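Right, one structure below, let's go through it.
Remember, predicted model here, so these are calculated numbers, not experimental data.
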Amino acid sequence: MIKITFPDGSVRQYEQGVTGLQIAESISPALARSVVSCGVNGETIELNRPINSDATIALYRFDDDEGKHAFWHTSAHLLAEALQELYPGIQFGFGPAVEAGFFYDVLLPDGAQISDADFPKIEAKMLELAKLDEPLVRREISKADSLAAFAADGQTYKCEHIEQDLRDGEITTYTQGRFTDLCRGPHLVSTGLIKAVKLTSIAGAFWRGDAKREQMQRLYGISFPKKKLLDEYLVMLEEAKKRDHRKIGKEMELFMFSDRVGKGLPIWLPKGTDLRLRLQEMLRTIQSRYGYQEVITPHIGSKNLYVTSGHYAHYGKDSFQPIHTPEDDEEYMLKPMNCPHHCEVYASKPRSYKDLPFRCAEFGTVYRYEKSGELHGLTRVRSFTQDDAHIFCRPDQVKGEFLRVLEIIQTVFSIFGFTDDQVEFQISLRDPNDKEKYIGTDEIWHTAEQAIIDACREKGIKAHTELGEAAFYGPKLDCMVKDAIGRRWQLGTIQVDYNLPERFKLEYTADDNTKKVPVMIHRAPFGSLERFVAVLIEHTAGHFPLWLTPDQVAILPISEKYNDYALSVREQLAADGIRAFVDDRNEKVGRKIRDNELKRVPYMLVVGEKEAAEGLVSMRQQGGGEQATMTIADFARRIKDEVAKQLEAMKITPSKG
């Protein structure tokens, strides 16, 4: 008999070789019908995999992230099986599950192409195969046998993957029906659970991401255990298209991209710059109450700086290549991270224990080389500005400082309407089985990881843990938010770092007059201004809080005869600090209203003969809301009162420390 421990701490005994499905059946038939995979000792596996020793177990439904991953991973194999039947001679690349569905990279023979017009027949074939309820059979296979099998099928890319990336004794395949794929899993027990599928898009993808290699076709899709869930997803997808920050950003004239400037390099237009500066000022107001001092560091740095920090070794391939200066034979890099520069700020003068914590903040622009195919609006760019700060403190101050950073992050989220049930926290830890990815000793990592776990426990935060998601220098707490239509975004982050201070030989004089190494806390409440603005646009559909929106008021004269009065209204509002503009185009007022609705201007003031004669404005609220006629002074008071209430949320009192 073996002991199985459940998430609530309870323990049951089962015969050796019991499966996750049998364990679910022993609890309830309804549970057994709903589970799709299970976690054994932290590893997600199939429900029919035998468990041969004492273990912890978690049973995953489709609603769980682990369940979705197994479901969508199997769906990727189902897509490949359908393509194999429809397109003889097709070559397969990689086909993983992703955050929202799955994809498969494929190459048709003789230059043939799949188009979205082919999606219905591919979806139909997938559902036809799913109804066969084919079991997924896992097999451990030698490198020689796997090479022979995939070579016999003419799978050139699979053979290259085996030869270059896989080691003998660690190779597994999964087979369903007549389709076999290289895979580590996990998967569903069979394809029959897949009841609804939808191919969503098609894109080009170079093999192994190498622009010098063949360009394959990447088919994206999503699947569900019920058609109702697919229908709900498609409704959400339509809403997401309406909220696309690229579309809204263009309509509101916030930002742009230019191929002449370069891919992935956003340009902030005047209105977007206004919005961005207000975000920065908001955070400055908050963090000034917590004792942060702001610095400005260069956009480039010596390559040796990033060699010292370890960024060059761990992120070199994701950075722009070094710039060589022949005259003095030096190499410089576009700044990929702010933290090495801030280490130098700390080292600029001797520090005492009385000087700590030292909190150093910067809105620092950094540059990273993202592949062209991965660029996406403001959410994935090559140039972005982090609301970065680094706290250098004594070990006994780590928990207190960590908790105070959490206060700032939670305040920022609450200001923008992200409620507690929309905010998730993830403790990102080192992968104990791949320590080569990280710097520092086991002891340092244990101390840093425990500091985050203890701080979350004290704050009452229910965070889930993810192995292998830590930064190379330390563990972190990542903050995920769900937007108005349920999509999850990773924004703010806090990282505890015992390693970089040692690499930079940072020190302070302790109260016993000995030299000690400080602890470094990295934090960024927004994450990056680019991604935060993109998420905020899609969360609010461009309807920003009144204090933040670039244009608060549009003044619409009904004809050019009233342009002068409209300008005088703008001047009076400007004197009260209200951002207004006059739309004096030679258009009918109905057209002006429609256009400014599209630009998400919160208030419109229509002015004509009566308004000019009596010193009034006719107010229209954005979205067909309240309409009223009032004096300019009364309208200005209304705007100022609304802004004042919103700004009140930012007047927080930091905890002592």
Side-chain angles (χ1 to χ4, degrees), residues 1-78 81 95-99 101-102 130-141 170-177 179-196 223-226 229 426 429 431-433 462 464-468:
M1 303 295 287
I2 59 174
K3 293 179 180 178
I4 300 296
T5 303
F6 292 84
D8 63 0
S10 62
V11 179
R12 293 191 184 192
Q13 287 194 335
Y14 294 90
E15 289 187 8
Q16 188 180 40
V18 68
T19 66
L21 183 59
Q22 290 169 334
I23 291 172
E25 288 170 340
S26 74
I27 298 171
S28 97
L31 176 62
R33 288 193 296 271
S34 66
V35 293
V36 296
S37 64
C38 62
V40 177
N41 296 329
E43 178 189 2
T44 306
I45 65 172
E46 292 82 21
L47 286 169
N48 59 357
R49 193 99 64 89
I51 305 170
N52 294 311
S53 59
D54 294 349
T56 60
I57 192 169
L59 298 169
Y60 301 130
R61 297 177 172 86
F62 178 78
D63 291 340
D64 299 307
D65 288 344
E66 297 87 350
K68 284 187 173 71
H69 184 274
F71 197 96
W72 288 335
H73 199 171
T74 302
S75 300
H77 283 222
L78 183 64
E81 184 184 9
V98 292
E99 186 175 354
F102 54 89
K131 288 178 182 177
L132 298 177
D133 198 18
E134 298 169 331
L136 279 94
V137 180
R138 180 177 184 270
R139 180 187 172 205
E140 296 179 1
I141 186 171
E170 299 179 0
I171 302 173
T172 55
T173 62
Y174 283 80
T175 299
Q176 89 254 9
F179 178 74
T180 297
D181 204 356
L182 283 168
C183 192
R184 288 193 299 266
H187 285 285
L188 302 176
V189 172
S190 73
T191 60
L193 289 176
I194 301 170
K195 304 294 185 183
S223 60
F224 296 92
K226 296 179 182 177
L229 294 176
Q426 173 182 301
L429 305 177
D431 183 350
N433 298 316
K462 295 179 179 178
H464 67 280
T465 59
E466 286 289 341
L467 296 178

Within this structure, what is the [atom1]-[atom2] distance for the pair [X] and [Y], rounded to the nearest 0.5 Å?
X	Y	atom1	atom2	result
I141	L182	CD1	CG	8.0 Å
I27	Q22	CD1	CD	12.5 Å
L78	I194	CG	CD1	5.0 Å
L193	R33	CG	CZ	12.5 Å
D181	L136	CG	CG	10.5 Å

inquiry  = I'd like to check the salt bridge (Lys or Arg N to Asp or Glu O under 4.0 Å) partners of E140; sequence neighbours left out, ordered by chain and number.
reply    =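 If we apply the salt bridge (Lys or Arg N to Asp or Glu O under 4.0 Å) test to E140, skipping adjacent residues, the hits are R138.
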request  = Could you tell me which residues satisfy salt bridge (Lys or Arg N to Asp or Glu O under 4.0 Å) with E134, sequence neighbours excluded, listed by chain and number?
outcome  = none
request  = Mind checking side chain to side chain contact (heavy atoms under 4.5 Å, CB included) for A97 and listing every partner two or more places apart, or none if nothing turns up?
outcome  = H69, W72, H73
Residues forming a side chain to side chain contact (heavy atoms under 4.5 Å, CB included) with A24, sequence neighbours excluded = L31, A32, V35, L59
inquiry  = Using every non-hydrogen atom in the two residues, find where G67 and S37 come nearest and quote the distance to one decimal.
reply    =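 Heavy atoms of G67 and S37 come nearest at CA-OG, 3.8 Å.
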For a 4.5 angstrom cut-off between non-hydrogen side-chain atoms, does [X] reach [Y]?
X	Y	result
H464	Q426	yes
L47	T19	no
I57	F6	yes
R12	S26	yes
I45	C38	yes

Has [X] got a side-chain atom pairing as donor or acceptor with [Y]'s backbone, closer than 3.5 angstrom?
X	Y	result
T5	V11	no
Q176	H77	yes
D64	E66	no
Q16	N52	yes
K68	F62	yes
S223	S75	no

ask   = With sequence neighbours excluded, what pairs up with R139 under the side-chain hydrogen bond (donor to acceptor under 3.5 Å, both in side chains) test?
value = none
task = Among I51, T56, D54, find the one that has a side chain to side chain contact (heavy atoms under 4.5 Å, CB included) with I4.
result =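 Checked I51, T56, D54 against I4; only one passes side chain to side chain contact (heavy atoms under 4.5 Å, CB included): I51.
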message = Counting only heavy atoms from other residues, nucleotides and ligands, does the tally under 6.0 Å from CD of Q13 exceed 12?
response =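 More than 12 within 6.0 Å, yes.
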inquiry  = Looking only at side-chain N and O atoms, does D133 offer a donor or acceptor that is under 3.5 Å from a partner on S190?
reply    =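 D133 and S190 do have a side-chain donor-acceptor pair below 3.5 Å.
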request  = Taking ring-ring contact (aromatic ring centres under 6.0 Å, His included) as the test, write out the residues that go with Y174, two or more places apart.
outcome  =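 For Y174 the ring-ring contact (aromatic ring centres under 6.0 Å, His included) partners, ignoring immediate neighbours, are H187.
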